[in-house]
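What follows is one structure encoded as structure tokens, with my remarks underneath.
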Amino acid sequence: MSLFNVIGKREPMLDALEKATGRAKFTDDLTFPGMLFGKILRSPHPHAKILHVDLSKALKVKGVHGAICGRDIPKKKYGIVPMAKDEYALAIDKVRYIGDEVAAVVATSIEVAEEAISKIHVDYEVLPAVFDPLEAMKPGAPVIHDEVPNNVSAKIRKEFGDVEKAFFESDEIFEDDFETQPVNHAPLEPHAAIGLADHSGKVILYSSTQIPFFLRRNLATALDIPESRVRIIKPKVGGGFGQKIDLYAKDFCAAFFALKTKKPVKFVYEREEIFTSTRQRHPFKIHLKTGMKRDGTIHVQQFKAIADGGAYNSTAPLMITLACYFIMLPYRIENLLFEGCHVYTNKPVGGAMRGHGIPQVRFAVEAQLDLIAEKMGIDPFELRLKNAFHAGEPHPAKLLVQSCGFSDTLIKAAEAIGWKEKRGKLPFGRGIGLAGASFPSGVSNMSHISSGAVVKIERDASITLLTGAADIGQGAETVISQIVAEEMGVPLEDIRITAADTEITPLDPGTFGSGVTLRAGNAAKMAAQSAKEKLLEAVAEKLEVEIHQLEVKDRRIYVKDQPEKGMSFSEAIKVYQYSDRPMPIIGRGSYMPPAKEPTTLLKEDGNFSPAYSFMTQAAEVEVDTTTGKVKVLKMVAAHDCGRAINPMLVEGQLDGSVVGGMGQALYEDVLIEKGQVINPSFLDYGLPTAMEIPSITSIEVETDDPEGPFGAKESGEGTQLAPAPAIINAIYDAIGVRFKSLPVTPEKVLEALQEKKGKTY
Amino acid sequence: MRLPAFDYIEPKTLKEAAKRLASNKGAVLLAGGTDLLVNMKHRVIMPKQIIHLKALPKLQYITSGKEGLKIGALTTLHEIATSPMLKERWNIIAQAAQEVGAYAHQSMGTLGGNLCQENRCRFFNQSPFWRGVRPPCLKAGGKVCYVVPKGNKCYSTYCGDMAPALIALGAQIKIEGMEGERSLPLKKLYTHNGKKPLALKKGEILKEVFVPPASGKALYLKWRVRESLEFPIVSLALYVEKDQKDQIKKARIVFSGVGSGPVEATLAERIWKAGPLNEQTIEKVAEQAVKEISPMRTSIHSPAYKRKMAGILLKEALKQIYS
């Protein structure tokens, strides 16, 4: 029998019915009396000086309530990472990519706003542009930001062990180059914001955001007003995948115009704007050198990674740091050198995307491991198992790994895909492959790293939870409510939750770095515990026992060894009140992960995340050798998430990771010609559809992490790391072609097959 | 993306629709709207008036008799894809309809609309913002073509699924116009002029598709990356009919996605007809056929890739049709 009552249960998401019936309200579903609609004018040039913006004709269009450009806004740069602020809400002196924001209007209808936008006249002085990061790094290349004359806006170098010596000691050395493509997050809900201003000059912003508290800080900065005058409310959010952590012009403009016009103002992005003017996964060029010992030990690895950042930083320094930190696991590597940089180009902006810098590097590592295995005559599965990291082992860079089910995920995934029976034994065109990975359960992200929660027990024994956590569709509210229900000994239906409103709910770093369950979950658990203890105090007094003798379960509080001696939850409330204790009962929790900040880690070793998840994904593919089309037949996702608070939601994440991984491996590519995205639509940007989805087997490996709430670790972003390399490795098994650049399109496969055929003749 | 403003009418008869269409220069016809409305949202078509054909009676039918098959122009692609009669006796037509877009497109889209769909180009099927990066292209009313910058011709590509299948079957169409009704081979509907791809005269409306009895074998193959949604990178329809002496009487190869209209590879057809059917002939037919198509860089796929896939697809199709 399970130790738990609510934890581990396959509870449907709390808002499942609302969403399934179309009643859930996303930002664009909200409407307010007198609301104005906004549109943004964007740059048609990849790089140009703004000489003059003439708004006069736009302002004359009937129904227009305002028009602004860069000169009208506070000269305050913002950025998601405080040390890397480089962006204005509307370009002030220069535009740096096609789609950069130049001006904005608000009007009584979208049609009027569109007409007004078309009447804005901008004088540009077109500047030479640069689209390739290697070109951008050369002396004499166009300078995109004056403060960064070499266009390298973030750089890291991290070394541990003795890399030079280790290569000397290695029996075999492997060197390969890899390349990855830009990928768009493509959340189904378009980015939207609605601003409202009150009489005191405070602005309320409804926004499709992943991090209300970051948005509050960034918006206050950009508007140049105190944080206390900004309130962010997150309605339902239809997916983010990292794209909705940043502040965008739509947020700024909705708030700015609301303050200016005193009317509600709505901005919604078109799908094309999401492709050109939000964020995308950074394309990487990676040089990877690995030194191996004869017995199959990975002795040393050296990385050179160049990230094509596009026109602005967004998360640049953090992204390149993460790329480095998460190649230190899941394998034991004693010596490592990582040199990475983020380079500006006149293209759409790179940002956080599920895995955040790591999927690119992980692809290189896992693809090369298979190459190494083959050259050294070792089974790729055995090679990974031999080098697998284990819990409690000292880590060369001092990461503190308290729970680690990596070996288990490897063994289970291999078994489920039929490794022994199939690897290297399937007919030409069919193959299997696998790949491993690890991810932090929340990173310390340079500012808000704490999470808070409040649990209130009301007079009718109902329980209210306030959390700053931002549910963006993954089910965070459900999971955190389950944690509180378990702690309080009541069923899930007894919990009411209010989340993600900066005026009402406590500080939280939002959906970022895959830390929601651990951070917000721990905070909520602490709050529940604290509220419960206050109630138990009264009950213990009444029953004349000690608090620690009491247990709560199924809405009853009773003495552990005498279950009949006790009372219902609502009786307990009465007992509490009759003992003249103050109502309501309020428990508070504030949780701070015991980890160092990534920026200090670059200078010294130390722990990085409160807990680390581990996973293996395995793929079986079929390659049509006539046309080059790859069909993924089966995916196995074995994930160590510590403990699945809600297995159904973990499986949802794993299913999503397979689709995302397939996209990265086979389908998706933001195609850019001279700085212009040439496929900015769901027609031409080939996201896998339901027709492409294979059979998916999810395996949860439970390791009961000591830091996680009820032992839970992340199961969101980390799951996105392994599927793409697993698919690429399976393609190698199927046709003997090793692809080192993504995505592997039918065109590339066909070319490779024809080349291979040529060689064998 | 939102629609621009327009007038809207629902004529009660085909005659009235034709009259309205002829008298109003800025009028266009709306059937399922899956092509038109997207182009309007992109502002590449800005009609003053939309003539919605949905109220017209009796244009939604599939009938088959001794003289052949008749399909009303307003029959939806979904009805065609799921018709048991078509599946049994004219499977290539059902199959081609099944390949169009995704389920929603098939539910809304009509046969007539599909046959009359606009040509496509990566410089044309884009938003005003996207196109605003450069002066307008020929097809959008400008003076230059960005596919072949030195040319003074529009290279937009025909990307329909139904036309190749129906042309391979020798389909005829009935057109209603101001001067009454006329018939012509479906093949003649296409001008191969990217700027004005359809041979319809002022006020003419496609009314019915007629397919003569066909005793041969037919096949439609479509190449695309995903199994749904996409237009063909290249697609082709084959039709082969033999006489009693087992000699090929009719052989047709019709491509989509590789020219400004459906492309029939007539020289390749002759090689095929001359036979004999073996690997060598198949190679020769494919080699000839790819010379007769003229893919251009009008989509995200390169002409070289389209050509390569056209050859591979044709060889596959020839093998399949005989297996």
Side-chain angles (χ1 to χ4, degrees), chain A residues 37 39-46 98-99 109-111 113-115 117-118 270-273 275-277 624-631 662-663 666-669 671 673-693 743 745-748 750-751 754, chain B residues 1-5 34-35 38 41-43 98-99 101-105 120-123 125-135 146 159 221-231 233-234 297-302 304-317 319-320:
Chain A
F37 300 85
K39 276 279 158 191
I40 292 166
L41 178 72
R42 299 180 179 281
S43 165
H45 303 294
I98 295 177
S109 73
I110 298 176
E111 287 78 4
E114 274 172 356
E115 192 196 336
I117 278 293
S118 72
E270 302 277 357
R271 180 58 55 188
E272 182 179 7
E273 291 178 291
F275 275 105
T276 59
S277 307
D624 182 333
T625 52
T626 313
T627 62
K629 195 181 269 188
V630 177
K631 184 158 179 54
M662 286 173 65
L666 304 173
Y667 297 97
E668 296 178 44
D669 197 353
L671 300 169
E673 274 180 16
K674 292 180 185 162
Q676 186 170 31
V677 178
I678 63 167
N679 56 344
S681 70
F682 280 165
L683 178 61
D684 286 329
Y685 182 79
L687 283 171
T689 72
M691 301 292 285
E692 275 70 49
I693 308 311
T745 58
E747 190 172 358
K748 280 192 200 166
L750 191 60
E751 221 165 274
Q754 285 173 343
Chain B
M1 291 198 296
R2 301 169 69 81
L3 289 171
T34 58
D35 189 47
V38 182
K41 287 178 178 180
H42 275 149
R43 305 293 191 267
Q98 180 79 58
E99 296 283 345
Y103 186 86
H105 305 102
R120 303 185 62 80
C121 179
R122 69 196 188 100
F123 292 98
N125 299 101
Q126 301 281 5
S127 72
F129 165 69
W130 197 98
R131 288 181 289 112
V133 167
R134 46 183 82 70
Y146 295 102
C159 297
L221 282 189
K222 174 172 179 173
W223 181 246
R224 55 180 164 183
V225 176
R226 295 175 290 173
E227 302 302 316
S228 179
L229 277 175
E230 295 171 8
F231 287 101
I233 296 171
V234 51
R297 201 166 180 101
T298 53
S299 75
I300 55 174
H301 300 283
S302 73
Y305 181 60
K306 284 190 168 213
R307 220 178 264 281
K308 190 194 265 186
M309 285 315 300
I312 289 172
L313 213 59
L314 178 52
K315 283 187 255 179
E316 273 302 294
K319 282 178 202 160
Q320 272 188 36

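Letters A, B, ... are given to chains in the order of the sequence lines, protein chains preceding strands, and every chain is numbered from 1. These numbers come from the heavy atoms of this one structure, side chains and all, not from hydrogens, waters or symmetry mates.
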Under the rule for side chain to side chain donor-acceptor pair (under 3.5 Å), what residues qualify as partners of B:Gln98, not counting sequence neighbours?
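Expected list: none.
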Reference residue A:Pro743; test side chain to side chain contact (heavy atoms under 4.5 Å, CB included); the match among A:Asp669, A:Leu666, A:Val630:
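Answer to the side chain to side chain contact (heavy atoms under 4.5 Å, CB included) test with A:Pro743 among A:Asp669, A:Leu666, A:Val630: A:Asp669.
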Could you check whether any side-chain N or O of [X] sits under 3.5 Å from a backbone N or O of [Y], counting only pairs where one atom can act as donor and the other as acceptor?
X        : Y        : value
B:Arg131 : B:Gln126 : yes
A:Ser277 : A:Gly99  : yes
B:Lys222 : B:Glu230 : yes

Pairs of heavy atoms under 4.5 Å with chain B: top-ranked of [options]:
options                                : answer
A:Asn679, A:Ile110, A:Ile117, A:Thr276 : A:Ile110
A:Lys629, A:Glu751, A:Glu272, A:Gln676 : A:Gln676
A:His45, A:Glu692, A:Met691, A:Glu270  : A:Glu692
A:Ile98, A:Ile678, A:Asp684, A:Val677  : A:Ile678

Sub-4.5 Å side-chain heavy-atom contact between A:Lys674 and B:Val133:
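SC-SC contact between A:Lys674 and B:Val133 ruled out.
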Tell me, do A:Pro746 and B:Met309 make a side-chain contact under 4.5 Å, heavy atoms counted?
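A:Pro746 vs B:Met309: side chains apart.
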Greatest number of heavy atom pairs closer than 4.5 Å to chain A - which of [options]:
options                      : value
B:Ile233, B:Leu313, B:Ile300 : B:Ile300
B:Arg134, B:Lys315, B:His301 : B:Arg134
B:Glu227, B:Arg226, B:Lys308 : B:Arg226

With a 4.5 angstrom heavy-atom cut-off, could you sort out which part of [X] is near chain B: side chain, backbone, both or neither?
X        : answer
A:Glu273 : neither
A:Thr745 : neither
A:Leu671 : side chain
A:Pro680 : side chain
A:Tyr667 : side chain
A:Leu687 : both

Taking side chain as everything from C-beta outward and backbone as N, CA, C, O, which of these in [X] sits under 4.5 Å from a heavy atom of chain A? Side chain, backbone, both or neither.
X        : value
B:Ile312 : side chain
B:Ser299 : neither
B:Trp130 : both

Can you say whether the rings of A:Phe275 and A:Phe682 are parallel (under 30°), tilted (30 to 60°) or perpendicular (over 60°)?
perpendicular
Any salt bridge linking B:Glu99 with B:Arg224? Criterion: basic side-chain nitrogen under 4.0 Å from a carboxylate oxygen.
yes
Would you kindly check if the NZ (Lys) or CZ (Arg) of A:Arg42 is within the cone defined by 45 degrees around the ring axis of B:Phe129 and under 6.0 Å from the six-membered ring centre?
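Here A:Arg42 fails the 6.0 Å and 45° test against B:Phe129.
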